[in-house]
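Below is one structure, written out as structure tokens, with a few remarks after it.
Whatever order the structure lists them in is the order used to number ligands and atoms, beginning at 1.
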Amino acid sequence: MKRKYPNLCKPITLGNVTFRNRMFASPIGSTDINADCVPGERTKAFYELRARGGAAAVTMSELVVHPETDGSHMLHLDLQTVGSLASFTFCADAIRRHGAIPSLEFSHSGQYAGTYMADKNKKDSLTQYGPSDGVREDGLKVTALTKEQIDDIVKRYGEAAVLAKRAGFEMIMIHGGHTWLLNQFMSPYFNHRTDEYGGSFENRMRITIEVLKEVRKAVGPMFPIEFRMSGSELFEGGYDLDEGVKIAQAVEEYVDLIHVSAGSYKFGFFKTHPSMFSEHGMNVYLAAEIKKHVSKPVATIGGLNDPEQMEEIIASGKADVVYMGRALLADPFLPEKVVSGNEDKIVKCLRCFTCMAERPTTQTRRCTVNPLIGREVEGTEVLPASRKKKVLVVGGGVAGLKAALTSAQRGHETILCEKSDKVGGILKCEQAIDFKREMYELGLSLEKQAIEAGVEIRCNAEVTPEYVEAINPDTMILAVGSSPIVPRLKGIDGANVVVVNNYYLEKEKVTDSVVVLGGGLAGCECAIHLAQEGKTVHLVEMKDTLAPDANIRHRPILMQMVDKYVTAHTGYQGMEITKEGVLCKDKEGNEVLVPGTSVVCAVGQRANRDIVNGLLDAAPIVREIGDCVRPSNITNAIYQGYHAGLDA
Ligand SMILES: Cc1cc2nc3c(=O)[nH]c(=O)nc-3n(C[C@H](O)[C@H](O)[C@H](O)COP(=O)(O)O)c2cc1C
């Protein structure tokens, strides 16, 4: 069979291990770790799904090698805890039985110990050890590691490697990037030591080389070792790409794969984890440059999810391996779809940061587009129903589409009725905003999957009780969504006003000078987009805070973008819309005209309860999901749709 992406599908051998293709699953920290630091069943199931989806390597993370001087997470994987070996063995086994190579990431977070720790008291009680004495940006004291501590850390890398190999891991990733400990030593910004571990390049590399030698000694000559590094720290005072090249050259003798990531945890989180505002593959240039100067294989990472782009990266020799983190949360089966030529069925990551926001918030893992993530142990298969039913789904937004798809996958006769002429709901609005294009495409992808699963989609079909009676379903799922709130302001019905949901249809009505009314997530994103189109944009928000509905990871970058592009006015209440702008009252009660010849109204959504209430008794079993229950986000819509479909 001729593969559509021959380079991505080509095996690669590192040390004495052959990997089935060039698509590797990057480390995504586990969440289900017990008080003894032992990975639990959920952790195992999480990594197993990544392996089942066809990735060539699946990296489990992060094994804290030296808990005495570290403690980056609420809990950590600790291979040395009595009794933990079996759980690690089960994890490695679960990855390998699907043809993927199990890899384990070793890490030490150094002076950023406690970074992801939810327990503030525990965090503050930690001693933060780094290369040099100092004070962290958050005021916490950093204590320089002693020579004895360094020796012990190095030794423990080796001991952990022996155990990892025994547990069945077939590759070890040494984390030397993202401002974790080894990176802190390499970095002239963090390392001010005057002993043999600081100063010259050679001295700053010393601990890393010692670690790599110790691990090599532990695992033997042919066992693959991978070094994860930031190609450049990408902040003022950190090391640059030229130094990144030197680092790669310094480590290549000891490793089998040089994994080139980017940026730093503290300064440039969004370069390490490219956001929806960045180009896909924005960090590939770092790997490509490093590859020119080393002879060992090089891996790249950062916002990759498009098979064409990834194929080109390998084909053109920019890298030998592509790693994906979030793309494989959205669709663990992405690699299998690439290999089998079903790339049109890939569900794309939205880069919305729900995956990252969820852990500090609820201590679980979640993905907006994939309801299984973090819940794999509850079952990853949609099984046929024991009795075939007739299911009517009312509303073709994201919740309705997901419910209908899942219901059809259960084998039910499923009809989806949509009032308008196209399904997709609110996601249709995202087609006009470049950086939200993948949200729009999610709607298209769900529609396609639903049709393929056998859902009968009826557009322009307004559902009444009589309509339901004629269909006579066993179960009806109401997913009738929400409608934009339009405030009763003088001038709101003027020709210069566009409701944000209609922006994609009425783009030309928005002039070069625009006021966005409403600073929630939708308003902020629309304002950024309009400003990126070259318009002068003012944003008006009644509350003191912009986008409180954005998650804790997306919000900081959203705010950076607002600061960069938009003039924001918080605490401003819109009073009247005129041809010259929006007349507002500020906090002191003064009248202020916020200028703009057009206005985009984005003040929120209201659940379509009247439609729900009119249909509540129209079928024997009625289930309500998505925005018609309470306006929310895509994450909830997908999750509720999936479970309503399963329950049907
Ligand atoms: C939810 C989440 C957890 C992560 N956990 C780890 C980790 O434990 N260790 C690590 O080195 N990187 C971790 N990363 C970083 C990823 O491995 C990867 O470098 C980053 O997400 C960029 O790749 P992507 O754009 O393909 O997601 C994590 C990323 C995410 C989104």
Side-chain angles (χ1 to χ4, degrees), residues 23-31 33 39 43 46-47 50 55 57-64 70 72-77 103-109 112 115-116 172-183 226-231 259-265 268-284 286-287 299-306 309-310 313 319 321-332 334-335 348-368 370 373-374 438 551-554:
M23 294 169 280
F24 288 20
S26 86
I28 296 285
S30 338
T31 54
I33 308 165
T43 292
F46 170 75
Y47 293 117
R50 282 165 101 71
V58 173
T59 319
M60 183 173 171
S61 66
E62 300 188 25
L63 184 109
V64 171
D70 193 4
S72 61
H73 298 73
M74 292 167 287
L75 294 167
H76 49 254
L77 302 180
S103 176
L104 185 59
E105 180 184 50
F106 285 10
S107 103
H108 191 308
S109 52
Y112 289 113
T115 294
Y116 297 115
I172 289 172
M173 177 190 280
I174 304 296
H175 196 348
H178 306 171
T179 331
W180 263 201
L181 183 71
L182 301 182
N183 187 162
E226 172 176 17
F227 186 65
R228 177 166 235 209
M229 61 178 281
S230 293
H259 173 133
V260 183
S261 183
S264 114
Y265 153 72
F269 179 88
F270 301 109
K271 293 173 181 160
T272 307
H273 308 87
S275 76
M276 65 172 69
F277 302 109
S278 322
E279 269 172 67
H280 288 284
M282 66 183 271
N283 296 326
V284 173
L286 297 168
T300 185
I301 184 160
L304 297 171
N305 68 1
D306 174 29
Q309 184 185 32
M310 294 191 289
I313 290 168
V321 165
V322 288
Y323 260 99
M324 285 167 276
R326 290 165 292 171
L328 301 185
L329 296 177
D331 191 345
L334 185 156
K348 297 262 177 79
C349 163
L350 306 180
R351 296 190 290 171
C352 62
F353 287 121
T354 295
C355 55
M356 301 212 86
E358 201 64 23
R359 183 164 169 184
T361 316
T362 66
Q363 302 183 14
T364 66
R365 188 69 72 215
R366 208 182 264 284
C367 170
T368 288
N370 187 348
I373 293 303
E438 271 149 355
N551 72 51
I552 60 163
R553 294 289 186 193
H554 182 61

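Considering only residues two or more places apart in sequence or on other chains, Asn183 meets the side-chain hydrogen bond (donor to acceptor under 3.5 Å, both in side chains) condition with Glu233.
For ligand 1, the atoms closer than 4.0 angstrom to any heavy atom of Ile301 are 18 (C), 19 (O), 23 (O). In the vicinity of Gly303, heavy-atom distances shorter than 4.0 Å reach the ligand 1 atoms 24 (P), 25 (O), 26 (O). Close approach to Met324 involves these atoms of ligand 1, each under 4.0 Å from a residue heavy atom: 26 (O). Counting atoms of ligand 1 from 1 in the listed order, those under 4.0 Å from a heavy atom of Ser61 are 7 (C), 8 (O), 9 (N). Less than 4.0 angstrom separates some heavy atom of Gly29 from each of these atoms of ligand 1: 3 (C), 4 (C), 5 (N), 6 (C), 7 (C), 8 (O). Counting the atoms of ligand 1 from 1 in the order shown, those under 4.0 Å from a heavy atom of Gly302 are 25 (O). Near Ser26, meaning under 4.0 Å from one of its heavy atoms, ligand 1 places the atoms 16 (C), 17 (O), 18 (C). Interface atoms of ligand 1 facing Glu105, defined by a heavy-atom separation under 4.0 Å, are 7 (C), 8 (O), 9 (N), 10 (C), 11 (O).
In summary, the side chains of His280 and Glu438 do present a donor paired with an acceptor at a separation below 3.5 Å, with no hydrogens or angles considered. Defined by atom type and a distance below 3.5 Å, a donor-acceptor pair is missing between the side-chain atoms of Ser261 and Tyr323. No hydrogens or angles considered: a donor-acceptor pair under 3.5 Å links the side chains of Thr362 and Thr364.
Pairs engaging residues 173-182 under the salt bridge (charged side-chain N to carboxylate O under 4.0 Å, His left out) rule: none recorded [sequence neighbours left out].
For a threshold of 3.5 Å applied to N or O pairs, the pair formed by Glu62 and ligand 1 contains at least one separation below that value. Ligand 1 has no nitrogen or oxygen under 3.5 angstrom from a nitrogen or oxygen of His178. For ligand 1, the polar-atom distance check against Met356 finds no nitrogen or oxygen pair separated by under 3.5 Å. Any N or O atom pair closer than 3.5 Å counts here, and Gly325 shares at least one such pair with ligand 1.
The shortest heavy-atom contact between Val260 and Gly231 is CG1-CA, 3.6 Å.
Within the structure, ligand 1 lacks Arg359 among the residues with a heavy atom less than 4.0 angstrom away. For Arg365, the heavy-atom gap to ligand 1 drops under 4.0 angstrom.
Taken from CG in Leu304 to CG in Leu328, the straight-line distance is 10.5 Å, to the nearest 0.5 Å.
The nearest non-hydrogen atom to atom 28 (C) of ligand 1, considering only Cys355, Pro27, Ala357, comes from Pro27. If you check each of Thr272, Ile373, Asn283 against atom 22 (C) of ligand 1, the one with the closest non-hydrogen atom is Thr272.
Aromatic ring pairs are classed by plane angle as parallel below 30°, tilted from 30° to 60° and perpendicular above 60°; the pair His273 and Phe353 is perpendicular.
Judged purely by atom type and a 3.5 angstrom limit, Arg365 has no side-chain atom pairing as donor or acceptor with the backbone of Leu329.
Residues Pro360 and Ile552 have side chains in contact (heavy-atom distance under 4.5 Å, counting atoms from C-beta outward).
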